[in-house]
Amino acid sequence: MIKGLLFDYGGTIDTNGLHWGRVLWDSYEKHQAGVPEEAFLKAYSYGERALAINPIIEPRHTFLDTLQLKVEQQFLFLRNEGIDLPASLGKAIALDCYQFAKSSVQQAAPVLAQLADRYPLVMVSNFYGNLSTVLQDFGIAGYFQAIVESAVVGVRKPDAAIYALGVQELGFAAHECVVIGDSYSKDIVPAKAVGCQTIWLNVKGWETTEVSVEADVEIDDFGRIPEVIGGL
């Protein structure tokens, strides 16, 4: 019997399964940034590392702030590679991606509300220490009884310990909890290692990880969660 739900955030709730690298790359293309995809991939990885290692993002920062800082780091890398892009383009890309995320969260909110009426929800996310501000900004903080955030607890996915902390917050046995996430390697594998059941939102990631364990359910739209969860 399912008693509680653990949700990933980025790439799950805010993009309905699209990898954030894909969302940003699509915006680069939309704004005709003229950046080769290989260079963008390196810039994206550089930016993620920079934000994870350095105290660039503060707890007060909204998601728009986060995206602007993220793109600034990408542009810094590209500038060092000889690709100099105007700051105005970075702001346009960040705003475009923010509006996409806001729309995705608005579509996810009724699903979260429906699930929160039936189960306690806990967020488990690799994030920068400002996830509470982001969830409040998007109006969905009230659906979650706790947030387990990597920058706060000092454990990052794919370390299964972060999902063990989420299970602990719910207060149930692991097999009574369901993890919902978009990343096979960072959500499904560690969740199964802890003993949780899993729903894999498998849409359009950038992973090439070979599948070695089975997700209990695989879906291609966030809105299907209430429908499939009854079968677990």
Side-chain angles (χ1 to χ4, degrees), residues 1-20 104-105 107-127 131-132 134-135 138 140-207 209-232:
M1 179 180 176
I2 302 305
K3 293 184 178 180
L5 309 182
L6 299 162
F7 278 89
D8 171 55
Y9 178 69
T12 299
I13 293 173
D14 62 357
T15 70
N16 194 20
L18 291 177
H19 188 284
W20 260 104
S104 296
V105 172
Q107 292 178 49
V111 179
L112 292 171
Q114 182 181 348
L115 293 169
D117 282 341
R118 298 166 55 191
Y119 308 98
L121 312 183
V122 166
M123 177 76 71
V124 180
S125 178
N126 281 355
F127 220 74
L131 188 53
S132 179
V134 170
L135 298 183
F138 283 145
I140 60 171
Y143 298 131
F144 298 94
Q145 71 173 34
I147 299 171
V148 180
E149 183 178 5
S150 60
V152 176
V153 301
V155 183
R156 287 181 62 82
K157 303 174 189 178
D159 190 333
I162 194 169
Y163 273 115
L165 290 172
V167 170
Q168 184 177 321
E169 288 288 352
L170 283 173
F172 304 126
H175 70 269
E176 297 173 319
C177 305
V178 178
V179 167
I180 299 102
D182 72 298
S183 173
Y184 175 78
S185 64
K186 294 180 180 179
D187 296 313
I188 304 307
V189 172
K192 296 292 282 186
V194 169
C196 297
Q197 298 190 59
T198 56
I199 297 175
W200 183 18
L201 179 58
N202 183 17
V203 179
K204 200 171 186 180
W206 278 10
E207 295 181 330
T209 307
E210 183 178 342
V211 174
S212 58
V213 300
E214 292 285 336
D216 294 285
V217 178
E218 189 173 333
I219 58 175
D220 60 5
D221 183 81
F222 190 87
R224 290 195 60 212
I225 296 170
E227 164 199 341
V228 302
I229 207 163
L232 292 172

Roughly how far apart are [X] [atom1] and [Y] [atom2], rounded to 0.5 Å?
{"X": "Gln114", "Y": "Tyr119", "atom1": "CD", "atom2": "OH", "answer": "10.0 Å"}
{"X": "Gln197", "Y": "Ile229", "atom1": "CD", "atom2": "CD1", "answer": "9.0 Å"}
{"X": "Asp182", "Y": "Ile219", "atom1": "CG", "atom2": "CD1", "answer": "10.5 Å"}

request  = Take Ile188 and Ser183, measure what side-chain contact (heavy atoms from CB on, under 4.5 Å) needs, and give me the verdict at the end.
outcome  = CA-CA 7 Å; Ile188 304 307; Ser183 173; over 6 Å; no
Ignoring hydrogens, what is the shortest heavy-atom contact between [X] and [Y]? Give both atom names and the distance.
{"X": "Glu169", "Y": "Gln145", "result": "O-NE2, 3.1 Å"}
{"X": "Ala191", "Y": "Thr198", "result": "CB-CG2, 3.6 Å"}
{"X": "Asp221", "Y": "Leu201", "result": "N-CD1, 3.5 Å"}
{"X": "Asp8", "Y": "Gly10", "result": "OD2-O, 3.0 Å"}
{"X": "Pro158", "Y": "Ser185", "result": "CB-O, 3.4 Å"}
{"X": "Ala215", "Y": "Trp200", "result": "CB-CB, 3.7 Å"}

request  = Would you kindly say whether Glu218 and Asn202 are connected by a side-chain donor-acceptor distance under 3.5 Å?
outcome  =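 Looking only at side-chain atoms, Asn202 and Glu218 do form a donor-acceptor pair, the distance falling under 3.5 Å.
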Distance-only polar pair, side chains of Ser104 and Asp14, donor-acceptor under 3.5 Å =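 No - no donor-acceptor pair under 3.5 Å links their side chains.
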query = Going through the distances and angles, do Ile199 and Leu232 end up as a side-chain contact (heavy atoms from CB on, under 4.5 Å)?
reply = CA-CA 10 Å; Ile199 297 175; Leu232 292 172; 4.0 Å; yes
message = Assess whether a salt bridge exists between Asp216 and Lys192, defined as any Lys/Arg side-chain N lying under 4.0 Å from an Asp/Glu carboxylate O.
response = yes
request  = Kindly indicate, with the supporting measurements, whether the criterion side-chain contact (heavy atoms from CB on, under 4.5 Å) is fulfilled by Leu131 and Met123.
outcome  = CA-CA 10 Å; Leu131 188 53; Met123 177 76 71; 3.7 Å; yes
Side-chain heavy-atom pair [X], [Y] within 4.5 angstrom cut-off:
{"X": "Ser125", "Y": "Ile147", "value": "no"}
{"X": "Val122", "Y": "Phe144", "value": "no"}
{"X": "Ile162", "Y": "Ser150", "value": "yes"}

query = With under 30° as parallel and over 60° as perpendicular, where do the rings of Phe222 and Phe7 fit, or are they tilted in between?
reply = tilted
note = Sorted by chain and residue number, the side chain to side chain donor-acceptor pair (under 3.5 Å) partners of Asp159 (sequence neighbours excluded) come out as none
inquiry  = Treating Lys186 as the side-chain partner and Gly181 as the backbone partner, does any N or O pair qualify as donor plus acceptor under 3.5 Å?
reply    = no
query = Residues two or more places apart in sequence or in another chain: which of them pass ring-ring contact (aromatic ring centres under 6.0 Å, His included) with Phe127?
reply = Tyr9
Stepwise side-chain contact (heavy atoms from CB on, under 4.5 Å) test for Val124 and Leu165 = CA-CA 9 Å; Val124 180; Leu165 290 172; over 6 Å; no
Sequence neighbours excluded and cut-off under 3.5 Å, please list the side-chain donor-acceptor pairs for residues 171-180, or say none.
unit_1	atom_1	unit_2	atom_2	d
Glu176	OE1	Ala173	N	3.0
Glu176	OE2	Lys3	NZ	3.1

